[in-house]
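Notes for the one structure printed next.
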Protein chains: 2
Amino acid sequence: MNENDTILIIDDEIQIRRLLEISLTSNGYKTIFASDGKEGLTSAATHNPSAIILDLGLPDIDGLELLVKLREWFNKPIIVLTVRNSEDDIIYALDKGANDYLTKPFRSGELLARVRTAIRLNTEKIDSPILEFGSLSIDLINHVVRKNNEIVKLTATEFSLLSLLAKNQGRVLTHQFLLREIWGYSYYEQTQYLRVFIAQLRKKIEENPSKPELLITESGIGYRFGN
Amino acid sequence: MNENDTILIIDDEIQIRRLLEISLTSNGYKTIFASDGKEGLTSAATHNPSAIILDLGLPDIDGLELLVKLREWFNKPIIVLTVRNSEDDIIYALDKGANDYLTKPFRSGELLARVRTAIRLNTEKIDSPILEFGSLSIDLINHVVRKNNEIVKLTATEFSLLSLLAKNQGRVLTHQFLLREIWGYSYYEQTQYLRVFIAQLRKKIEENPSKPELLITESGIGYRFGN
DNA sequence: AAATCTTTATAAAATCTTTATACATTCTAT
DNA sequence: ATAGAATGTATAAAGATTTTATAAAGATTT
């Protein structure tokens with residue numbers, strides 16, 4: 001379930017960090033910590049966590065500013081956890097892209113439930129468990145791809161790439177986006193990786209790999225799955 | 001924006017209903033009310049609201065039961081709004097599919113922000129801005145252009161030019177402006193580029209490329225999309 | 001040792017730029 | 001008012017550049 005979910009905590013209070021670490025790790029999450037805004041930004045970029053818990057009172061920049069900066073590219077849940085209880089802050093944070101807003105002191109069971117909810121809402125509309133496209137089926141939960149009911153053997157990277165494209169069927173995903181999502185934040189220039197893996201996928205899932213009907217090239221932009 | 005969003009309020013307290021009605025309608029939402037669980041279920045089914053605000057203390061059945069029943073088929077946001085403040089209730093409600101949980105008394109600005117957030121999170125990945133012009137559609141986010149529902153393959157530059165013109169439908173954009181926006185600041189004299197690309201676009205999207213109806217020439221000035 | 005991922009090399013394809021040419025429109029001098 | 005010049009436009013096509021597909025070698029991981 002949440003075995004691979006990493007939560008980034010951006011907060012400089014030692015006690016809060018301890019508390020969060022205990023309750024999150026004992027519920028199967030991995031945790032990373034950042035104690036100021038700058039560290040938070042780079043950590044989000046390098047680790048690509050499944051969610052961020054963000055304090056607003058940071059030593060270097062205001063948490064709401066950081067929220068806005070993160071939202072320029074970070075599309076996973078951001079849960080604000082802060083002592084600031086003014087309605088203005090709450091409204092501002094939610095309207096700037098926060099998924100939830102909790103005030104300290106907080107109850108750790110509730111926080112956990114809200115983390116679960118945020119992650120669930122973020123993934124459920126994408127992850128219908130089995131995607132079907134003609135004779136191709138992609139089982140996202142069991143990591144199994146079938147073509148004409150026969151299992152196609154894909155490597156981990158091939159599967160990630162295929163499922164990311166398939167989940168966004170009909171949409172052009174840019175080279176940058178694909179590279180950042182699958183290889184990591186700093187790999188956005190390694191376009192060649194994509195070409196190699198797209199070619200491998202086409203060999204495995206296309207009826208006629210030289211005339212692809214599923215994995216479509218958008219020259220100069222990226223790739224698209226299906227129409 | 002939220003002009004067509006209808007919110008169903010399932011709550012039997014008159015004062016809460018009045019308060020919610022005022023703040024929601026004055027922010028552009030339509031409201032429907034149900035005062036017990038049974039009415040709530042049928043109302044959700046018949047009106048298919050964009051979100052539900054659910055009180056847990058209902059006269060006929062427990063709100064958490066109703067939540068579970070609703071979630072069997074209702075996939076839009078459900079925001080629980082209740083006096084019940086026990087952590088168990090909060091965790092249970094969130095894990096059973098509530099999108100948010102607010103306790104009474106509540107601040108109406110915050111409630112509105114949470115409603116906005118819930119609706120945004122529910123829809124943001126599903127629909128993207130699509131420009132429609134007769135049989136032509138331009139999906140700006142997914143970078144897909146369709147004519148009579150068939151995908152028109154455009155190059156990156158062609159797409160930029162078309163979407164820039166279409167976003168400014170009816171407005172004349174000068175040669176200089178178009179060249180600077182798409183090719184770069186110093187390209188403002190390369191009017192010939194525009195002619196070449198406009199001609200290519202007309203071949204791809206006009207019914208009759210020699211009598212353009214979408215990409216209109218404004219001689220000596222620039223080009224215009226549509227009327 | 002086998003499988004997978006990364007990197008390099010190269011040919012092919014697609015796209016963009018530039019040139020050439022024909023057509024259309026506006027302006028000007030008679 | 002009209003011939004002719006000047007300006008603006010459409011389009012095809014050649015040339016240059018960028019992007020892509022693919023195989024295969026090297027590195028890394030399992």
Side-chain angles (χ1 to χ4, degrees), chain A residues 143 145 151-165 172-225, chain B residues 143 145 151-162 164-165 172-224:
Chain A
H143 281 232
V145 173
I151 289 183
V152 180
K153 224 191 158 198
L154 297 185
T155 71
T157 312
E158 286 165 2
F159 184 83
S160 311
L161 180 58
L162 176 61
S163 58
L164 181 54
L165 283 160
V172 181
L173 304 183
T174 64
H175 300 132
Q176 280 200 11
F177 177 80
L178 291 166
L179 287 161
R180 287 212 157 115
E181 284 293 314
I182 289 169
W183 278 269
Y185 191 75
S186 56
Y187 284 72
Y188 66 96
E189 284 175 310
Q190 307 297 327
T191 320
Q192 190 56 23
Y193 290 12
L194 273 180
R195 303 204 177 105
V196 172
F197 277 85
I198 290 283
Q200 280 167 0
L201 279 172
R202 281 179 178 152
K203 255 194 288 186
K204 292 184 178 181
I205 67 165
E206 290 282 1
E207 213 59 56
N208 179 357
S210 60
K211 287 189 182 174
E213 293 177 346
L214 296 169
L215 296 165
I216 311 295
T217 302
E218 296 283 349
S219 193
I221 310 170
Y223 294 90
R224 174 166 53 82
F225 187 93
Chain B
H143 276 245
V145 173
I151 290 184
V152 180
K153 226 188 159 201
L154 298 184
T155 70
T157 312
E158 287 164 2
F159 183 84
S160 310
L161 181 57
L162 176 62
L164 181 55
L165 285 160
V172 182
L173 304 183
T174 64
H175 298 134
Q176 280 200 10
F177 176 79
L178 291 167
L179 287 161
R180 286 212 158 114
E181 283 293 314
I182 289 168
W183 278 269
Y185 192 74
S186 56
Y187 284 71
Y188 66 96
E189 285 175 311
Q190 308 295 328
T191 321
Q192 188 56 24
Y193 289 11
L194 274 180
R195 303 205 177 105
V196 171
F197 277 85
I198 290 283
Q200 279 167 359
L201 278 172
R202 282 178 178 154
K203 254 195 289 185
K204 291 185 178 182
I205 66 165
E206 291 282 2
E207 214 58 57
N208 180 358
S210 60
K211 287 188 181 173
E213 294 176 346
L214 296 169
L215 295 166
I216 312 296
T217 303
E218 294 284 348
S219 194
I221 310 170
Y223 293 90
R224 174 168 54 81

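Naming: A, B, ... by sequence-line order, numbering from 1 per chain.
- The shortest distance between the side-chain N/O atoms of A:Trp183 and the OP1/OP2 oxygens of C:dT6 is below 4.0 Å.
- Residues of residues 201-210 of chain B that place a heavy atom closer than 4.0 Å to DNA chain D, in numerical order, are B:Arg202, B:Lys203.
- With contacts defined as side-chain heavy-atom distances shorter than 4.5 Å, the pair B:Leu201/B:Lys204 does not qualify.
- Listed by first then second residue, pairs satisfying ring-ring contact (aromatic ring centres under 6.0 Å, His included) with a partner in residues 194-221 of chain B read B:Trp183-B:Phe197, not counting sequence neighbours.
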Output, in order, the C-alpha distance, side-chain angles, deciding distance and verdict of side-chain contact (heavy atoms from CB on, under 4.5 Å) for A:Leu154 and A:Leu161.
CA-CA 10 Å; A:Leu154 297 185; A:Leu161 180 58; over 6 Å; no
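- Using cut-offs of 30° and 60° for the angle between ring planes, the A:Phe159 and A:His143 rings count as parallel.
- In this structure, B:Ile182 atom CD1 and C:dC16 atom P are separated by 11 Å, rounded to whole Å.
- In this structure, A:Leu179 atom CG and C:dT6 atom C1' are separated by 13 Å, rounded to whole Å.
- No engagement by B:Thr191 is indicated, since no non-hydrogen atom pair under 4.0 Å with the nucleic acid exists.
- For DNA chain D, each stem of at least three Watson-Crick or G-U pairs (distances under 3.5 Å) is given as range with range: C:1-30 with D:1-30.
- For the residue pair A:Arg224 and B:Ile151, the shortest heavy atom distance occurs at NH1-CD1, 3.4 Å.
- Among B:Leu194, B:Ile198, B:Thr191, the single residue meeting the side chain to side chain contact (heavy atoms under 4.5 Å, CB included) criterion with B:Leu178 is B:Leu194.
- Atom CD of B:Glu207 sits in a sparse spot, with 12 or fewer heavy atoms from other residues, nucleotides or ligands closer than 6.0 Å.
- Between B:Tyr187 and C:dC16 there is no side-chain N or O to OP1 or OP2 distance below 4.0 Å.
- Counting heavy atoms of neighbouring residues, nucleotides and ligands inside a 6.0 Å radius, atom CD of B:Gln192 exceeds 12 of them.
- Following rounding to the nearest Å, B:Leu154 (CG) and C:dT15 (P) show an atom-to-atom distance of 10 Å.
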Which atoms of nucleotides 8-11 of chain C (N or O only) lie under 3.5 Å from a protein N or O atom, and what are those distances?
{"unit_1": "C:dA9", "atom_1": "N6", "unit_2": "A:Gln192", "atom_2": "NE2", "d": "3.0"}

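- Residue-environment remark: CD (B:Glu218) exceeds the threshold of 12 foreign heavy atoms within 6.0 Å.
- Regarding contacts with the backbone of C:dC5, a side-chain N or O of A:Thr155 is found under 4.0 angstrom from either OP1 or OP2.
- One atom, CG of A:Leu178, and another, P of D:dT20, lie 12 Å apart when rounded to the nearest Å.
- Remark: of the listed residues A:Ile216, A:Leu165, A:Leu173, A:Val172, A:Leu165 is the sole one forming a side chain to side chain contact (heavy atoms under 4.5 Å, CB included) with A:Tyr223.
- Atoms CD and NZ, on A:Glu206 and A:Lys211 in that order, are 12.5 Å from each other to the nearest 0.5 Å.
- In this structure, NE2 on B:His175 lies 13.0 Å from CD on B:Gln190, to the nearest 0.5 angstrom.
- At whole-Å resolution of the value, CD in A:Glu189 and C1' in D:dT19 are 16 Å apart.
- Applying the 6.0 Å contact sphere to OH of A:Tyr187 captures no more than 12 heavy atoms from other residues, nucleotides or ligands.
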Nucleotide N/O of nucleotides 26-30 of chain D paired with protein N/O under 3.5 Å:
none

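- In this structure, A:Tyr185 places its OH atom where more than 12 heavy-atom neighbours from other residues, nucleotides or ligands lie under 6.0 Å away.
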Check the pair A:Thr217 / A:Arg195 against side chain to side chain donor-acceptor pair (under 3.5 Å), numbers first and verdict last.
CA-CA 10 Å; A:Thr217 302; A:Arg195 303 204 177 105; over 6 Å; no
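- In this structure, the CD atom of B:Gln200 is 12 Å from the C1' atom of C:dA14, given to the nearest Å.
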Verify side-chain contact (heavy atoms from CB on, under 4.5 Å) between A:Leu215 and A:Phe225, making sure each step is shown before the conclusion.
CA-CA 5 Å; A:Leu215 296 165; A:Phe225 187 93; 3.9 Å; yes
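- To the nearest angstrom, C1' of D:dA10 lies 16 Å from NZ of B:Lys211.
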Would you list the protein and nucleotides 5-8 of chain D atom pairs, both N or O, that sit under 3.5 Å from each other?
{"unit_1": "D:dG8", "atom_1": "O3'", "unit_2": "B:Ser219", "atom_2": "OG", "d": "3.3"}
{"unit_1": "D:dG8", "atom_1": "O3'", "unit_2": "B:Gly220", "atom_2": "N", "d": "3.4"}

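- In this structure, the CD1 atom of B:Ile198 is 11 Å from the P atom of D:dT9, given to the nearest Å.
- When all heavy atoms of A:Pro212 and A:Pro209 are compared, the closest pair comes out as CD-O, 3.7 Å.
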